[in-house]
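All of these numbers come straight from a predicted model, not from anything done at the bench. Atoms within each ligand, like the ligands themselves, are counted from 1 in listed order.
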Amino acid sequence: MNVKLGIPRGMLYFDYHILWQEFFNNLGVEVLISPKTNKDILDRGIKSCVDEACLPVKVFHGHVDYLKDKVDYIFIPKFISIYKREYCCPKHLGLPDMVKHSIKTLPQIIDTKINLRKSDKNVKRIVQDIGKNFEKRPTKIYAAFKDAYEKYNRYNSIITSGVIPLNVVGRYDDLSFIKNIKTKNYGRKILLLGHTYNIYDQYINMDVVSKLKKSKFDVITTEMIEEQTCRNFASDLSKRMFWTHGQIIIGAAFSLIEERSIYGIIYVSAFGCGLDSVLIDLIERKAKEKRIPFTLLTIDEQTGEAGINTRIEAFIDMLEWRNNNEDNISTYG
Ligand code: SF4
């Protein structure tokens, strides 16, 4: 019987799920991904995680709790750095330890350190460290990774291009959501900003994409902009942003603000997120300077859908009014 490995559908799963899925499959491991976030998963997360944690971390705990009795291993890498001279949020670093302390009777946790701060040469060591749990031959492990990495890169260019073939969507559940983002062209774009786990988890953001599409707006997300473009625009900051996700979110926002190709910006942020508090301030200032409307949706486990609907409706009304009556000139400009 195959070894079964659980991957929680939370946090950086949304960035790397294809890489992980393909890598483990190539090693002959049966992968079980927890279901999309739902009320049961959120409740499990709230019950097991410390109160002070941000919503995505709580939700992640819920996914682990769902998987814990169904698999032999759970994959929770310890993300320290994914880019030279940059860091991830400390919550990513502490995630496996938080989970181990909060949830009892866990299967074996694969919590390999991902630290590319000094050099990406560490990738080989990281890959071997993860793969050795399932395969003894290092060459086989590396070949499994190489193949997975090629597919992952293909997936990234597919997202940026927005043309996602049906067979690819069928294989990777979460791509169907991205495909839905880009199917129509209403000729008026809203930039939806935030961490991938806040943007692509439809349960925790109360399906903000569908709400915008219903109002006939196109949605663009950070992942649809080339990483190098984001980095070039983020370099406008007077001090280098040392959080990788901050670089990308800021750069995406700055590039579209400068291009003036968007009607407005909606930032989805988890309550109490330290990183977002810096990003939101910088992006809001830039948006004001260039007269692009900006609004913030803060989410936590208490957030009600009615409140989110009201904020989105008010924002859209303002955009429509501005477009129809003010020749797209802001009321404060
Ligand atoms: S960046 Fe913010 S939302 Fe993400 S894990 Fe850190 S504190 Fe939570």
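- Between Y200 and H195, the gap from one ring centroid to the other reaches at least 6.0 Å.
- Checked against the 6.0 Å centroid criterion, the rings of Y73 and F134 qualify as a close aromatic pair.
- A salt bridge is defined here as a Lys NZ or Arg NE, NH1 or NH2 lying under 4.0 Å from an Asp or Glu carboxylate O, and K189 with E259 fails to meet this definition.
- Atom 4 (Fe) of ligand 1 has an N, O or S atom of Y197 under 2.8 Å away, backbone or side chain.
- The pair E313-K211 does not count as a salt bridge, with every side-chain nitrogen at least 4.0 angstrom from each carboxylate oxygen.
- One finds a salt bridge joining E301 and K58 here, because a Lys/Arg side-chain nitrogen approaches an Asp/Glu carboxylate oxygen to under 4.0 Å.
- When ring centroids are compared, H92 and Y197 come within the 6.0 Å threshold.
- Shown are the protein N/O/S atoms under 2.8 Å from atom 2 (Fe) of ligand 1, given by residue and atom: C273 SG.
- Heavy-atom separations between M11 and ligand 1 include at least one value shorter than 4.0 Å.
- Comment: R137 engages E135 in a salt bridge, judged by a side-chain N to carboxylate O separation of less than 4.0 angstrom.
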